[in-house]
Protein chains: 4
Amino acid sequence: MTILKQDKGELILAAALDLFEKQGFDGTAVPEIAEAAGVGTGTIYRYFATKEELFNALYGRWRGAYNDFVLAEFPPGLSIRGRFGGYWRRMIGFAKQHPHATRFLELHHHAPHLDETNRELSQRYLDVANTFFAEGVATGELKDLPPRLAVALMWGALMALIKLEAVMPLEEATIAGAEACLWDAIRKHA
Amino acid sequence: MTILKQDKGELILAAALDLFEKQGFDGTAVPEIAEAAGVGTGTIYRYFATKEELFNALYGRWRGAYNDFVLAEFPPGLSIRGRFGGYWRRMIGFAKQHPHATRFLELHHHAPHLDETNRELSQRYLDVANTFFAEGVATGELKDLPPRLAVALMWGALMALIKLEAVMPLEEATIAGAEACLWDAIRKHA
Amino acid sequence: MTILKQDKGELILAAALDLFEKQGFDGTAVPEIAEAAGVGTGTIYRYFATKEELFNALYGRWRGAYNDFVLAEFPPGLSIRGRFGGYWRRMIGFAKQHPHATRFLELHHHAPHLDETNRELSQRYLDVANTFFAEGVATGELKDLPPRLAVALMWGALMALIKLEAVMPLEEATIAGAEACLWDAIRKHA
Amino acid sequence: MTILKQDKGELILAAALDLFEKQGFDGTAVPEIAEAAGVGTGTIYRYFATKEELFNALYGRWRGAYNDFVLAEFPPGLSIRGRFGGYWRRMIGFAKQHPHATRFLELHHHAPHLDETNRELSQRYLDVANTFFAEGVATGELKDLPPRLAVALMWGALMALIKLEAVMPLEEATIAGAEACLWDAIRKHA
DNA sequence: AATGAATGAGTGTTCATTCAT
DNA sequence: AATGAATGAACACTCATTCAT
C-alpha cells in the first residue's frame, strides 16, 4: 500500500523524468521508459496518448509543483529583501529536494514540444517574478531595471548553480554566498 | 560563379548550426540539414564522416571562435574591474553578432556527443574564468567566493540574457545595466 | 489459428535461406527477406539483432543439421567401402531433401560473414572426412593421397552434382553411377 | 610503353577481377574498383556503361581465354586417355597461371548478372566436354554415364582443387595424383 | 578524354504506436 | 487493465551513376 501499490502512471512519470533529464526528449525511446518503469510498452499508451503527451504531463506536473512551492504567498508586510531571500531559499530548497526535476524543467524550458498549458505555467512564474521586481523598483530598493532583465539574470544564475550541484554539492555557505551576490546584483547601492 | 559559388561544407555547417540550435542533435535529421543547406543528402557525407563528426566540427569551429574572441589578452595593467568589463563586452558582442552560435554553444556545452578535443576547448574557457576570479579574490576586489561559483553565476546570467535577446533585443542601456548588476554581484562591498 | 500460426522466426529463416541461396548475402536486402517471409521489416530485428546474425543463425542451423545427419556414427566394423557408401548416400539424401539448404551451405562455406562458431562447425565436417580418408589409406584400401586432396575431390564432385540437380533431377541410376565413379577415384586399384 | 602506358580499360578490368573474386559482385563498390585501378570513378563509365557491363566484359574476357586455352584442337588420332590428360593439364595449367581469374569464373558461373553472350560461352565449354565424354562412352573406354554427370564430377573436382590451391600450393605429385583419381573415376574398369 | 564532386534511391536499423491476447 | 509482439515510416549512411569542369 506504499511503494508496492504505486499507480503505474506514477511509475511511468518517474522513469520518464529520469530519462528525459539525462537524454532529452528525442534521445529517449518509449520502450526505454517502459522498461525503466517496469511496465509493458503498451501500458504507457493507456496512460498517455502519445510521447508528447507524456512529456507535457510530466512537465506540467513538475512546473506546477515548482510554482506552488516557490510562489506561495508570503506573510503580509514582508520586506523586499525578506521576500527575495524567501524566494531564493525556496528555489534552492526545491532544487536540492528535486534535482532531477529541476534540471528537467530547465532543460525543456523552451522545448518545441511544450503545449499551450505548459507555456502558460512557465509564464505564470515569470509574471510573479516580474511583479516582484517591479515592486522593488517602485519602492526604490532595487535597481531601476526592466523586470525581465532582473528575472533573467536571477534565473540564469540559479540554473547555473543547479548544474553546478551535479558536480559539487551545494553547502550552506555556498548558498548563502550566492544569495548575497545576487542581492547585491539587484539592490540599489548607496 | 562568384558569390553564388559558396563552399558546400560551409553551407552545410551553417544549416546544421541553425537546426541543431533549434531542435537539438537528436531532433535534427541529416536529410533535414541537407535540404536546409540546399545540397543532396549524400553530399554531407563527403564533408563529414558521420553526423557526430559534423556536430563536433561545428562545435569546435564556434567554440574556437568564441575563445579566440573572448579570451584574447588584455593590455597589461588593466584592473580587475576593467577586465571584467572587457570580458563582459566581448561576450555580449559575440552573442549579439552570432546569436545562433552562442545558443548552440550553450545548449551543447555538456552534450554526450562532444569529443575530447571539444571538451578541452570548453575547459580552457572555464580555466581562464577561474583564474580571473581567483586573482580578483586575491587582490581583495572580489568577494571571497569559490571561483567556480562566481563563474557559474556569471555564465548563467549571461546565457539567460542571450536567451532573452531572442525575444527582446538588447539595447545598450540594458547591457550596461546588466554589467552593473553583475559587477555588484561579485565585487566586495565596503 | 493452428497451422496458419507459424513461428515468425521460422518464416524469416525460411525466406532468408531462399534468398541468400539465390542472391548471396550482399545481394539480398533485409526488407526483401521481410516481404518474402510475409512479416514487417522491423519484425526481423525482433528475432535477429543484425543481418549478419540472421545469416549466422541460418548457417548454424543448417550446418548443424547437415553434420548431425551425415556424420552420425556407423555400426562398428563397417568396412571402408561400406562407410564410403554410407556417407555418399547420406550426403545425397540430405541434398535431395534440402537442396536449397545444401546449396546455401556450399555457397557460403567460406563467407567472410561467418562467425567463429560456424567456422568450427564447418571444420568439424572436414575433420571427420580427413580422418576417414586417412584410415582408408592406412588399411591400404584407398590410394595413398593426402586426405585433404581426396576430401576436396569428393566434396567438389558432390557439389557439382547438387548444382546439377537444380537442372536435371537425380535418379537412382545416376546416384549409383556417381558413387561408383567416386569410389573408383579413390580406391587403390590392383 | 610497357607498364606505364597501359590502357585504362585494362587497368580497370584487372582491378575488378581482383575485387570481384575477393568480395563478389554485390560486395564490391565501383569507386573501390576505380581506386584500385588508379583511375577516376567517372573514367570507369567511359569504358563500361554500367557495373554489370563491366562485370560481363570481365567474365567474357576470361571465359573466352579459358575456352581458347583449354578447348584448342588436339592432334588428330590422340586417344581418349591422351585427350583426357591433355584437358586436365590445360585446365590445371590455366588455373595455376591465372588463379584469380579461375576462381572468378567459378564463383560467378551461375551469377544472375551474366548476360546471354556469356551464358553461351559457358555453354560452349560444356558442349565440348559433353562431346568428349560421349565419344569415350561410344568407344567403350569410359563408363556408360550421362555425359553431363561425368562433366559435373570432373568440373566439381577441378574447382575444389583450385580452391585448395589457395591454401596448399599444388605440387606436381598432387596434380598427377588427382589426374589418376579422376581418370579412374570415369574409365571403364576391367 | 578524364575526372571526382555531387546526388538520391536504396541499405541496414530504430522506434512511436497499435492491437490481439 | 495490461501486455509485448508486430509494424512501417523514418533514421543514419552508402553507392551506382551523372556531369560540370
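The sequence lines fix the lettering, A, B, ..., with proteins before strands; numbering per chain opens at 1.
Applying the salt bridge (Lys or Arg N to Asp or Glu O under 4.0 Å) test to pairs two or more places apart or on separate chains, those with a residue in residues 19-33 of chain C are Asp18(C)-Lys22(C), Glu21(C)-Arg103(C). Each side chain to side chain donor-acceptor pair (under 3.5 Å) pair with one or both residues in residues 42-52 of chain D, not counting sequence neighbours, appears once here: Glu52(D)-His113(D).
Distance Ile12(B) CD1 to dA6(E) C1': 10 Å, rounded to the nearest Å. Rounded to a whole Å, the CZ atom of Phe48(B) is 15 Å from the C1' atom of dA6(E). Here dA1(F) presents its P atom at 16 Å from CG of Leu11(A), a figure rounded to the nearest Å. Rounded to an integer number of Å, the gap from CD of Gln23(A) to C1' of dC15(E) is 14 Å. Remark: C1' of dT11(E) and CZ of Phe55(C) are 18 Å apart, rounded to the nearest angstrom. One can place CD1 of Ile33(B) at 8 Å from P of dA12(F), the figure rounded to the nearest angstrom.
Checked against ring pair (Phe, Tyr, Trp, His ring centres under 6.0 Å), Phe48(D) has no partners two or more places apart in sequence or in another chain. For the side-chain contact (heavy atoms from CB on, under 4.5 Å) test, residues two or more places apart in sequence or in another chain that qualify with Ala49(B) are Glu53(B). Remark: Lys163(B) engages Glu106(A) in a salt bridge (Lys or Arg N to Asp or Glu O under 4.0 Å) (not counting sequence neighbours). Annotation: salt bridge (Lys or Arg N to Asp or Glu O under 4.0 Å) contacts of Glu10(A) (sequence neighbours excluded): Arg61(A). For Arg124(D), there are no salt bridge (Lys or Arg N to Asp or Glu O under 4.0 Å) partners two or more places apart in sequence or in a different chain. With sequence neighbours excluded, the residues forming a ring pair (Phe, Tyr, Trp, His ring centres under 6.0 Å) with His109(D) are Trp155(D), listed by chain and number.
Each of dA1(E), dA1(F), dA5(E) was ranked by its minimum atom distance to the side chain of Tyr47(B); first place goes to dA5(E).
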When you compare the protein's N or O atoms with those of nucleotides 14-18 of chain F, which come within less than 3.5 Å of each other, and at what distance?
residue : atom : partner  : partner atom : Å
dA16(F) : OP1  : Lys51(D) : NZ           : 3.2
dA16(F) : OP2  : Val30(D) : N            : 2.5
dT17(F) : OP2  : Tyr45(D) : OH           : 3.2
dT17(F) : OP2  : Lys51(D) : N            : 3.0

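For DNA chain E, if you chain together Watson-Crick or G-U pairs that step i with j, i+1 with j-1 and so on, the runs of at least three with distances under 3.5 Å are E:2-21 with F:2-21.
Place Ile44(B) and Arg46(D) on DNA chain E by their nearest nucleotides, and Arg46(D) ends up nearer the 5' end.
Going from atom OH of Tyr59(D) over to atom CZ of Phe55(D) covers 7.5 Å, rounded to the nearest 0.5 Å. Here the CG atom belonging to Leu54(A) is positioned 8.0 Å from the CZ atom belonging to Phe25(A), to the nearest 0.5 angstrom.
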List the atom pairs, with distances to 0.1 Å, where a side-chain N or O of residues 34-41 of chain C and a protein N or O form a donor-acceptor pair under 3.5 Å, not counting sequence neighbours.
none

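Remark: nothing in residues 13-21 of chain D comes within less than 4.0 Å of DNA chain E through any heavy atom.
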